[in-house]
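No experiment lies behind these values; they were computed from the predicted model shown. Numbers restart at 1 for each chain; the letters A, B, ... are given by sequence-line order, proteins then strands.
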Protein chains: 2
Amino acid sequence: MEIIVNIDDPIPLFAQLVAQIKQAIASDSKKPGDPLPSIRQLANDLELNSKTVAKAYRLLERDAVIQTRGYRGTFVHPDAKANCSIDLNAWVNQQLSVSISSFRNAGVTDSEIRIAFANLMNERNK
Amino acid sequence: MEIIVNIDDPIPLFAQLVAQIKQAIASDSKKPGDPLPSIRQLANDLELNSKTVAKAYRLLERDAVIQTRGYRGTFVHPDAKANCSIDLNAWVNQQLSVSISSFRNAGVTDSEIRIAFANLMNERNK
DNA sequence: ATATGTACCCTGTGATGTAATGGTACAACT
DNA sequence: AGTTGTACCATTACATCACAGGGTACATAT
């Protein structure tokens with residue numbers, strides 16, 4: 001698997017990693033059960049901080065695209081190919097889009113929407 | 001109508017204005033049809049920028065609490081008292097809260113929610 | 001002339017959040 | 001001893017936005 005990151009790309013590095021790994025799975029260049037390079041290994045190869053790679057792996061695991069088995073390493077998830085196409089972000093986008101549209105239609109200021117959103121996000125409780 | 005603003009209050013000046021004018025109407029100290037001080041006049045009295053007062057008036061008019069009649073001045077809206085209690089922001093808050101909760105339950109990162117939100121807000125189109 | 005609301009331009013300040021980096025440490029395995 | 005993912009501490013740079021202010025201008029009225 002040839003992973004390359006472009007530091008000049010406006011797309012965040014961790015997002016580039018996520019996209020490329022998903023792409024490798026979608027194109028069958030990585031199959032379920034295949035091992036992935038370790039976080040430190042990949043970080044070293046790409047000259048990235050291990051935290052950046054870890055972030056990408058964390059998101060991929062949440063989406064059930066990869067599986068981490070602790071000290072044994074990280075592997076492509078059995079259902080990886082199917083889960084690759086499930087885009088959680090697209091769902092979020094769609095949901096939020098509906099809400100925002102109705103707010104704007106009701107005459108709510110963008111600024112007000114932003115404030116309300118920021119307040120809710122900062123109330124980590126509940 | 002005695003309006004006072006406190007520059008040291010963390011609540012934005014325009015929001016203080018909105019709150020106090022609504023309060024004046026809710027307590028019948030201002031009745032429908034009553035004239036309000038002009039934007040420039042009030043700004044001068046409170047030593048505020050006219051933009052700040054204009055912003056407060058703009059929001060109040062959107063909520064149908066006051067009515068601006070161009071060169072004739074600004075007046076308390078006929079249905080002001082009823083509309084005073086309608087809180088657009090509370091509705092926004094409630095709607096967003098539901099969405100955000102389900103996102104978080106689905107495992108979506110706060111960071112991802114923020115990104116999606118920011119993208120939508122910056123697409124002023126549609 | 002003077003006043004009304006409103007629409008642009010631009011400025012500065014402070015707050016906030018992202019992205020990415022660094023260091024240190026842990027338990028569990030080879 | 002070395003490696004695995006992971007968890008915490010932290011900092012830096014950068015971008016975005018709210019708020020408030022200042023200026024200028026306009027049509028429409030008195």
Legend entry - Nearest-angstrom distance from the residue atom CG of Asp8(A) to C1' of dA20(C): 15 Å

Inset, instruction - Compute whether any side-chain donor of one residue and acceptor of the other, for Gln41(A) and Asp45(A), lie under 3.5 angstrom apart. - result: yes

Legend entry - Base of dG5(D) paired with side chain of Arg40(A) (donor-acceptor, under 3.5 Å): yes

Inset, instruction - Side chain of Thr74(A) only, please: which of dG5(D), dG22(D), dT21(C) is the nearest? - result: dG5(D)

Inset, instruction - State which of dG22(C), dC29(C), dG22(D) makes the closest approach to the side chain of Asn49(A). - result: dG22(C)

Legend entry - Separation of atom CG in Leu60(A) from atom P in dG5(D), rounded to whole Å: 13 Å

Inset, instruction - State, with a plain yes or no, whether a side-chain heavy atom of Gln16(B) is found less than 4.5 Å away from one of Asn6(B). - result: yes

Legend entry - Closest to side chain of Ile115(A), choosing from dC19(D), dA29(D), dA20(D): dC19(D)

Inset, instruction - Please report, rounded to the nearest Å, how far the P atom of dA20(C) is from the CD1 atom of Ile7(A). - result: 7 Å

Inset, instruction - Looking only at side-chain atoms of Tyr71(A), point me to the closest of dT21(C), dC19(D), dT4(D). - result: dT4(D)

Inset, instruction - Among the candidates dA19(C), dC17(D), dC19(D), find the nucleotide nearest to the side-chain atoms of Asn122(B). - result: dC17(D)

Legend entry - Contact under 4.0 Å: Thr68(A) side-chain N or O vs dT6(D) OP1/OP2: yes

Legend entry - Which nucleotide in dT6(C), dA19(C), dA20(D) has an atom nearest any side-chain atom of Glu61(B): dT6(C)

Inset, instruction - Output the single nucleotide from dG5(D), dC17(D), dT18(C) whose closest atom is nearest the side chain of Arg114(B). - result: dT18(C)

Legend entry - Nearest-Å distance for atom pair CZ/P, residues Phe117(B) and dT16(D): 15 Å

Legend entry - Closest contact, heavy atoms only, Leu60(B) versus Ile21(B): CD1-CD1, 3.6 Å

Inset, instruction - Grab the NZ-C1' distance between Lys55(B) and dG21(D) for me, whole Å please. - result: 12 Å

Inset, instruction - May I ask you to evaluate whether Ser38(B) reaches the phosphate of dT4(C), defined as a side-chain N or O under 4.0 Å from OP1 or OP2? - result: yes

Inset, instruction - Let me know the distance between CD of Gln41(A) and P of dG5(D), rounded to the nearest Å. - result: 10 Å

Inset, instruction - Between Arg58(A) and Ser111(A), name the one whose nearest nucleotide on DNA chain D is closer to the 5' end. - result: Arg58(A)

Inset, instruction - Report the distance from atom CZ of Phe14(A) to atom P of dA20(C), rounded to the nearest whole Å. - result: 6 Å

Inset, instruction - Write down the distance between CD (Glu47(B)) and P (dG22(D)), rounded to a whole number of angstrom. - result: 11 Å

Inset, instruction - Using only heavy-atom distances, determine whether the side chains of Ser99(B) and Gln95(A) contain a donor-acceptor pair under 3.5 Å. - result: no

Legend entry - Note, Glu112(A) side chain near Arg62(B) side chain (heavy atom, < 4.5 Å): yes

